[in-house]
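Below is one structure, written out as structure tokens; comments come after it.
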Amino acid sequence: MTMDLFLNDYYKLLKLLYNNQTIVLDKKVVPLTQMEICAVLNMSKVKVNTIFVELQKENLLIQETRGKYSLTDKAETIIEGIGKIENKLTGV
């Protein structure tokens with residue numbers, strides 16, 4: 001069974017951000033631009049921007065500066081929790 005059947009675009013975007021975090025001045029940030037995210041996820045800029053707004057409303061994503069975002073602890077907990085489920089299902 002593949003988990004992809006159950007994971008929506010919000011999760012896919014969060015997971016991409018999580019996997020691409022880097023540390024700048026002792027703070028985790030995501031250096032990807034929205035255009036890079038669009039290309040990787042094969043989504044329109046409008047869709048990615050809409051998801052960003054929703055993730056911010058749900059306290060999963062914080063805009064640090066223009067074009068720089070960081071994930072909240074809540075978002076990291078969700079990503080790590082789903083990762084554990086994926087590992088159990090695949091036997092890893």
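All values below were derived from every heavy atom in this structure, side-chain atoms included, with hydrogens, water molecules and symmetry-related copies excluded.
Residue Val40 is grouped with residue Leu13 when hydrophobic side chains (ILVMFWY) are merged at heavy-atom distances under 4.5 angstrom, including chains of intermediate members. A single hydrophobic cluster is seen to contain both Val29 and Leu25, as judged by linkage of ILVMFWY side chains at heavy-atom distances under 4.5 Å, directly or through other members.
By the 6.0 Å contact criterion, CG on Asn42 is open, its count of non-hydrogen atoms from other residues, nucleotides or ligands being 12 or less. The number of heavy atoms from other shown groups lying within 6.0 Å of NZ (Lys74) is above 12.
Rounded to the nearest 0.5 angstrom, Glu80 CD and Ile85 CD1 are separated by 12.5 Å. Here NZ of Lys47 is found 14.0 Å from CD1 of Ile37. Values are rounded to the nearest 0.5 Å. Distance check, rounded to the nearest 0.5 Å: CD of Gln21 to CD of Glu76 gives 4.5 Å. Rounded to the nearest 0.5 angstrom, Cys38 SG and Leu32 CG are separated by 11.0 Å.
What you find for Val30 and Lys68 is that their closest heavy atoms are O-CD, 4.0 Å. Closest non-hydrogen pair, Pro31 versus Asn20, comes out as CD-O, 3.1 Å.
Not a single donor-acceptor pair under 3.5 Å links the side chain of Asn49 to the backbone N or O of Lys45.
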Residues 50-61 side chain polar contacts: donor-acceptor under 3.5 Å, at least two apart:
unit_1 : atom_1 : unit_2 : atom_2 : d
Thr50  : OG1    : Val46  : O      : 2.8
Gln56  : NE2    : Phe52  : O      : 3.3

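Side-chain contact between Asp9 and Leu41: absent, with no pair of heavy atoms (C-beta onward) separated by less than 4.5 Å. Annotation: side chain of Lys28 is not in contact with side chain of Leu71 (no heavy-atom distance under 4.5 Å).
Sequence neighbours left out, not one pair with a member in residues 22-45 passes ring pair (Phe, Tyr, Trp, His ring centres under 6.0 Å).
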